[in-house]
Amino acid sequence: MTYMMAGGIASAATIKVGNSFGNQNYKRLQRFAYASYHLVIIFMLFFAVIFTLFNQYLPYLITNDINVVALAAQLLIIAAIFQLFDGTQVVGLGTLRGMGDVNIPTFITFVAYWIIGLPAAYILGIHLNEGVKGIWYGLTLGLLTSSALLYLRFRYVMKKTLDNNLQDNINLLI
């Protein structure tokens, strides 16, 4: 459920950033992009706190099986961390999509999930016998990687766009 809110924020970011990018209103673009990041962080932090504080009780909404509740309670702590990176990575994808940057973000997510996240999940979960918790830790590492690299990509594309715009304005004056 929480991811759906992050996905909605990301979709709005794509539209608002895309409109601003198309209009070459880069100040507005930055405001929308950072507002989207801030909104998703606040939202995901709120639910991370809920997941952490009520990890022993939330599983009872689904089942009364004590073994499932015990495991789900442990996974909710990991999910609290997981969703922070999940929210920021989807907003990162949305802002970059709005700027017309899709190829490098696709490569970033491939590396983050298939080269880092999945092998880490296998090593932690299967090889080191951490089980489902290890798998979730590995997937969290993949999301952290994706989130960080997409944010750095956004910063790079934004700087490049602003530099090109400045150079265009200088050329007009000459």
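Throughout, residue positions are numbered sequentially from 1 according to the sequence presented.
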Sequence neighbours excluded, every pair satisfying side-chain hydrogen bond (donor to acceptor under 3.5 Å, both in side chains) that has a member inside residues 19-28: none

Does [X] share a hydrophobic cluster with [Y], counting links as ILVMFWY side-chain heavy atoms below 4.5 Å and allowing steps through other members?
{"X": "Leu141", "Y": "Leu128", "value": "yes"}
{"X": "Phe21", "Y": "Ile15", "value": "no"}
{"X": "Val102", "Y": "Leu93", "value": "no"}
{"X": "Leu143", "Y": "Leu150", "value": "no"}
{"X": "Leu96", "Y": "Ile9", "value": "yes"}

Can I get a per-line list of side-chain donor-acceptor pairs under 3.5 Å for residues 64-80, giving both atom names and the distance, sequence neighbours left out?
residue, atom, partner, partner atom, Å
Asp65, OD1, Asn67, N, 2.9
Asp65, OD1, Val68, N, 3.4

Quick one: list whatever passes side-chain hydrogen bond (donor to acceptor under 3.5 Å, both in side chains) with [X], sequence neighbours left out.
{"X": "Lys159", "answer": "Asp163"}
{"X": "Thr140", "answer": "none"}
{"X": "Gln30", "answer": "none"}
{"X": "Thr145", "answer": "none"}

Within residues 137-147 or reaching into it, pairs that qualify as salt bridge (charged side-chain N to carboxylate O under 4.0 Å, His left out) - sequence neighbours excluded: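 Qualifying pairs, neighbours excluded: none.
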
Of all pairs that satisfy salt bridge (charged side-chain N to carboxylate O under 4.0 Å, His left out), the ones with a partner from residues 91-109, not counting sequence neighbours: Asp101-Arg153

Over all atoms of both residues, closest heavy-atom pair of Val90 and Gly87: CG1-O, 3.2 Å

Nearest heavy-atom neighbours spanning Ala13 and Thr95: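 Taking every non-hydrogen atom into account, CB-CG2, 4.0 Å.
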
Neighbour count >12 (heavy atoms, 6.0 Å) for atom CD1, Ile62: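 No, because the 6.0 Å sphere around CD1 of Ile62 holds 12 heavy atoms or fewer from other groups.
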
Expected list for residues 107-126: side-chain donor-acceptor pairs under 3.5 angstrom, two or more places apart:
residue, atom, partner, partner atom, Å
Thr109, OG1, Pro105, O, 3.2
Thr109, OG1, Thr106, O, 2.9
Tyr113, OH, Gln89, OE1, 2.8
Tyr113, OH, Ser146, OG, 3.4

May I have the list of side-chain donor-acceptor pairs in residues 32-48 shorter than 3.5 Å, sequence neighbours left out?
residue, atom, partner, partner atom, Å
Ser36, OG, Phe32, O, 2.8
His38, ND1, Tyr34, O, 3.1

CG on Leu149 to CD1 on Ile104, rounded to 0.5 Å: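 Between atom CD1 of Ile104 and atom CG of Leu149 there are 11.5 Å.
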
Separation of Ser147 OG from Leu152 CG (nearest 0.5 Å): 9.5 Å

Contact list for residues 68-95, test ring-ring contact (aromatic ring centres under 6.0 Å, His included), sequence neighbours left out: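 Only Phe82-Trp136 qualify under ring-ring contact (aromatic ring centres under 6.0 Å, His included).
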
Pairs satisfying ring-ring contact (aromatic ring centres under 6.0 Å, His included), at least one member in residues 50-77, at least two apart: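 For residues 50-77: none.
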
Are [X] and [Y] packed together at the side-chain level, in the sense that at least one heavy-atom pair is separated by less than 4.5 angstrom?
{"X": "Met99", "Y": "Met158", "result": "yes"}
{"X": "Asn165", "Y": "Thr161", "result": "no"}
{"X": "Thr88", "Y": "Val91", "result": "no"}

